[in-house]
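This report refers to the structure that appears directly beneath it.
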Amino acid sequence: MSAQGCARVLPQRLRASGATPDTTAVILAGGVGARFGNPRGKQYVDLCGLPVVAWSLLAFDRAPSVGRLVLVVSDERDDEVSDHVLPSVSLAKPLTLARAGSTRQDSVYSGLQAADDALPYVAVHDAARPLVDVSAIEGCIACLREGQGLAGAICCAPVTDTLKLVEGRSIIATPDRSLYRRAQTPQVFSLRRLREAHRAARADAYLGTDDASLVERLGGRVACFPSSAANIKVTVPEDYLVAQALMRARLMGEGCGIDAATLVAWGDEQGPAALDRDAEKGGGR
């Protein structure tokens, strides 16, 4: 990945300029979430009053650069999406549903087929990152839009832990952590370049660790946009508790009219006990 970075920009930048939206958002909600241990799946459990996936839909819907939403879901989640997720939000942008594949990479490929050809950029995002905000979305898109010769830009957070290179059980090196970043989503690309990268990966039976790795594989330059460490991915139940605490703090900080007592009640209804109740209904963890 290119070491090039991008500065932050104001989320209102595109709207203020009078320009039209230029990005399709592909939001991935097709994973089974086996490590999460809940039959509803990590993308569909409630988080502070909304399904986890709904928070990502709202963030991209509010981003001025985004002109279309594509939600990638599995067959068995159609009812969950139509009966629980979509009625919980009011979206201004057009939404298309795409079918999830057997792997994340297949799901992205499916989402790319539903992307709007009239919009030159595509932002790929994991629905399991509900704390993404408009500033990160707009900044990452602007990083690509304004970067000469870039094929993509991805949200990244600094590495704060000391890293060790290990063979077996033996430490053989302590690399300079300042050279490393934790890759997040959204990851934003030229729609044409990302489609090309996915077609090449399918032809070569290559499975990448993220979309940026597919673009890099073809020689594309990808930049890092500095993102908050709070943009966590909910993978295990412990992550849910962290996301819940961060979302509560955000909602109270934004002065959204939700009082502390309501947030505490949400915690009682949706905390560890609620996750256990859902797991029991689905046959246990």
Side-chain angles (χ1 to χ4, degrees), residues 1-9 22-28 30-31 60 65-66 70 72 100-115 117 119-129 132 136-161 163 165 173 175-229 231-233 235:
M1 187 189 312
S2 168
Q4 179 176 346
C6 294
R8 292 186 178 275
V9 297
D22 55 9
T23 304
T24 297
V26 174
I27 300 172
L28 306 173
F60 281 91
S65 294
V66 173
V70 175
V72 184
S102 59
T103 66
R104 182 188 186 279
Q105 192 163 303
D106 288 337
S107 294
V108 175
Y109 183 81
S110 175
L112 291 176
Q113 308 319 302
D117 291 334
L119 304 177
Y121 305 120
V122 59
V124 179
H125 182 67
D126 293 320
R129 293 186 185 271
V132 66
I137 295 167
E138 285 296 311
C140 199
I141 295 171
C143 180
L144 172 59
R145 188 188 294 126
E146 298 169 6
Q148 294 184 354
L150 288 180
I154 71 173
C155 285
C156 293
V159 174
T160 56
D161 294 327
L163 301 177
L165 185 62
D176 181 359
R177 68 185 179 193
S178 69
L179 300 175
Y180 292 85
R181 296 292 184 270
R182 290 187 289 117
Q184 302 176 341
T185 64
Q187 299 192 353
V188 185
F189 306 92
S190 154
L191 177 60
R192 178 184 61 81
R193 297 288 292 271
L194 188 58
R195 281 176 170 170
E196 288 176 353
H198 271 269
R199 284 195 294 266
R202 291 169 73 86
D204 298 337
Y206 176 81
L207 187 63
T209 54
D210 66 356
D211 294 289
S213 67
L214 303 188
V215 173
E216 294 162 26
R217 177 172 171 264
L218 297 188
R221 291 176 53 239
V222 181
C224 288
F225 176 75
S227 180
S228 169
N231 184 22
I232 66 169
K233 186 175 183 180
T235 302

CD1 on Ile154 to SG on Cys140, rounded to 0.5 Å: 7.5 Å

Those residues that, when tested against Asp117, pass side chain to side chain contact (heavy atoms under 4.5 Å, CB included) (two or more places apart): Leu191, Arg195

Smallest separation among heavy atoms of Ser228 and Gln184, with atom names: O-NE2, 3.1 Å

Salt bridge (Lys or Arg N to Asp or Glu O under 4.0 Å) partners of residues 101-115, not counting sequence neighbours, each pair once: Arg104-Asp126, Arg104-Asp211, Asp106-Arg202

Closest non-hydrogen atom pair between Ala229 and Arg182, with its separation: CB-NH2, 3.7 Å

Residues in ring-ring contact (aromatic ring centres under 6.0 Å, His included) contact with His198, at least two apart in sequence or another chain: none

Check ion pair Arg177-Asp161 (N to O, under 4.0 angstrom): no

Residue pair Ala151 / Val215: nearest heavy atoms and the distance that separates them: CB-CG1, 3.6 Å

Trace of the side chain to side chain contact (heavy atoms under 4.5 Å, CB included) decision for Val188 with Val122: CA-CA 6 Å; Val188 185; Val122 59; over 6 Å; no

Check against side chain to side chain contact (heavy atoms under 4.5 Å, CB included), Leu28 and Val124: CA-CA 8 Å; Leu28 306 173; Val124 179; 3.9 Å; yes

Single hit among Tyr109, Tyr121, Phe189 for side-chain contact (heavy atoms from CB on, under 4.5 Å) with Leu194: Phe189

Verdict with supporting geometry, Val66 and Thr24, side chain to side chain contact (heavy atoms under 4.5 Å, CB included): CA-CA 6 Å; Val66 173; Thr24 297; over 6 Å; no

From CA spacing to verdict: side chain to side chain contact (heavy atoms under 4.5 Å, CB included), Leu214, Leu218: CA-CA 7 Å; Leu214 303 188; Leu218 297 188; over 6 Å; no

Residues forming a side chain to side chain contact (heavy atoms under 4.5 Å, CB included) with Leu179, sequence neighbours excluded: Asp176

Residue list, side chain to side chain donor-acceptor pair (under 3.5 Å) with Gln187, at least two apart or on another chain: Asp210

Straight-line distance of Asn231 CG to Thr185 OG1, nearest 0.5 Å: 6.0 Å

For Phe60, all residues meeting ring-ring contact (aromatic ring centres under 6.0 Å, His included), sequence neighbours excluded: His125

N/O donor-acceptor pair under 3.5 Å between Glu216 side chain and Arg221 backbone: no

Side-chain donor or acceptor of Ser107 paired with backbone N/O of Gly30 under 3.5 Å: no

Non-hydrogen atoms of Pro175 and Leu163 that approach each other most closely: CD-O, 3.3 Å

Taking every non-hydrogen atom, the tightest pair across Ala127 and Ile27: CB-CG2, 3.9 Å

From CA spacing to verdict: side chain to side chain donor-acceptor pair (under 3.5 Å), Arg145, Ser65: CA-CA 11 Å; Arg145 188 188 294 126; Ser65 294; 2.9 Å; yes

For Ala201 against Gln105, the heavy-atom pair lying closest together: CB-NE2, 3.6 Å

